[in-house]
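In each ligand, atom 1 is the first atom listed, and ligand 1 is the first ligand listed.
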Amino acid sequence: MESRREMSLGQALEEISAIVQQIKATGTARLGDRDVKVGDPVALELEVEVEEDRGELEFEISWPAADVRAAPLVAILCGSKSDLPVIGKAGSLLDELGVACETRVLSAHRTPRQLLEYLEQAPERGIEVFIAAAGGAAHLAGVIAAHTTAPVIGLPVPSQHLNGLDSLLSIVQMPKGVPVATVAIGGAENAALLAAQMLSLKYPALRERLRQYREEQAQAVLGEAQRPH
Ligand code: RP5
C-alpha cells in the first residue's frame, strides 16, 4: 500500500505514531508475506533519508530487514528422542503464545560434549530460558543450570520403571546455589507457561497474551461446570 500526502513533519510523525499504536492494539503486523505478532523477535534495520527538494521535504523510511528473524527465546532440550512426545506439548503451547522456541535432543550422559557446545553458543543466539526434559537419572536440567545463569525449568519425564518419580527427584533435588525450577511429572504445559511468564517480565505483549490465556481457561472451566451431567 502506498500513500502520499503533503503535511508537516509533526503531522507525519503523529500519523506514524497512530499506525504504531494500532499495530500494538491489534497485536499483529504484516511484514512481507507473514503476519507477525508484536511479541515476536524481528531484526530491525532502519534507513532514514531526509532531503529537501524545491521546498518539499522528502522523508523516506524503508525497512530492508523486515523479515522475521525467528530467533528462539526458549530452548527445549530433552535427553532422548523417546522424550519428544512429552515435550511436544510445551513447544505447541509456546507457539500458541507466540514465543519462538527450538527443540534439541542432547543428553547430559550420552552427548556431553555436544550439550556443552550448544550451551556455549546459546546466549549469542538469543536463548533466554531453558526447558530441560529428561527421565530416569535425569541430570540434564542440573547440568544446564551449572553452565548458565539463565533460568532453567526442569520437566521430569514419566519413566518406564518408576513412573517418573526417579526423574522428578533427580531434577528437583538440586544443590544450593544452582536452582532448577521443577514442574510436575509430565507437566509440559506448565513448563511452557512458566517460561512464557518469565519472558513476559521483558516482553509486555506476552503479558497480555498470558492474561487472555488465563481468561479463556477460566471460561472453559465455567462452561464445563454449567453443562448438564
Ligand atoms: C533419559 O533416559 C532420557 O531423558 C529418557 O527419558 C530416558 C530413557 O532414554 P531412552 O532409553 O528412551 O533413549 O536420558
Problem set entry | Ser167 side chain vs Pro158 backbone, donor-acceptor pair below 3.5 Å | no

For this session: Walk me through it: do Gln219 and Glu215 pass the test side-chain hydrogen bond (donor to acceptor under 3.5 Å, both in side chains)?
Result: CA-CA 6 Å; Gln219 290 308 323; Glu215 181 58 33; 3.1 Å; yes

For this session: Nearest 0.5 Å please: distance from the CG atom of Leu168 over to the OG1 atom of Thr182.
Result: 7.0 Å

For this session: Decide, yes or no, whether a salt bridge links Arg125 with Glu102 under the criterion of side-chain N to carboxylate O below 4.0 Å.
Result: yes

Problem set entry | Test item: Ser170 side-chain N/O and Gly136 main-chain N/O as donor-acceptor pair under 3.5 Å | yes

For this session: Run through ligand 1 for me and note each protein residue having a heavy atom under 4.0 Å from it, chain first, then residue number.
Result: Gly79, Ser80, Ser82, Asp83, Arg110, Ala134, Gly135

Exercise. Nearest 0.5 Å, what's the CG-OG distance between Leu210 and Ser200?
Worked result: 5.5 Å

